Amino acid sequence: MNCSRIRGFSSVIGFIAFIFFADSAWSATYYVRPDGGTATQCTGLADAPYPGTGTGKACAFSHPFWAHAPSKHPTKLKGGDTLIIDGSNKAQYMMGYG
């Protein structure tokens, strides 16, 4: 078998694998749960409750608005990111005006 053909094929496979895994490497998964915190208190990057004190903790947001904030607040979500919202019976997230 021709070695240059094998090297070319493996390069193409490597490039495709890089594109597939690089896309997921630059995306983030954010979590929302009732016992989470604000965007100041939590990073939103962990499915964990807010510990009660501190800022920038590895815990979930308490409301989807902290991930995709309304006006005057920075939005955390970018294209390719995932937002996982706790849908248990105790989870209620009020949306909209009033």
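Keep in mind it's a predicted model, so treat the numbers as computed, not measured. Any value given below was found using the heavy atoms of this structure, including those in side chains, with hydrogens, waters and symmetry copies removed.
Closest of all the heavy-atom pairs between Ala28 and Asp81 is N-OD1, 2.8 Å. Between Asp86 and Pro34, the shortest heavy-atom contact is OD2-CD, 3.3 Å. Of all the heavy atoms in Pro64 and Ile85, the pair that sits closest is CG-CD1, 3.9 Å.
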For residues 53-62, run the donor-acceptor check on the side chains, cut-off 3.5 Å, and write out each pair with its distance to 0.1 Å, sequence neighbours left out.
{"unit_1": "Ser62", "atom_1": "OG", "unit_2": "Gly37", "atom_2": "O", "d": "3.4"}
{"unit_1": "Ser62", "atom_1": "OG", "unit_2": "Trp66", "atom_2": "NE1", "d": "3.4"}

- prompt: Run the side chain to side chain contact (heavy atoms under 4.5 Å, CB included) check on Phe65 and Thr38 step by step: do they pass?
  reply: CA-CA 9 Å; Phe65 278 166; Thr38 66; over 6 Å; no
task: Please test Val32 against Tyr93 for side chain to side chain contact (heavy atoms under 4.5 Å, CB included), starting from the C-alpha separation and ending with a verdict.
output: CA-CA 10 Å; Val32 175; Tyr93 309 103; 3.6 Å; yes
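Membership of the apolar cluster around Ile84 extends to Tyr31, as traced through chained side-chain contacts below 4.5 Å between ILVMFWY residues.
Residues Tyr30 and Asp47 are not in side-chain contact: their nearest non-hydrogen atoms beyond the backbone lie 4.5 Å or more apart.
Although no hydrogens or angles enter the test, the distance criterion places no donor-acceptor pair under 3.5 Å between the side chain of His63 and the main chain of Gly36.
Residues Leu45 and Leu83 share a hydrophobic cluster, clusters being chains of Ile/Leu/Val/Met/Phe/Trp/Tyr side chains in contact below 4.5 Å.
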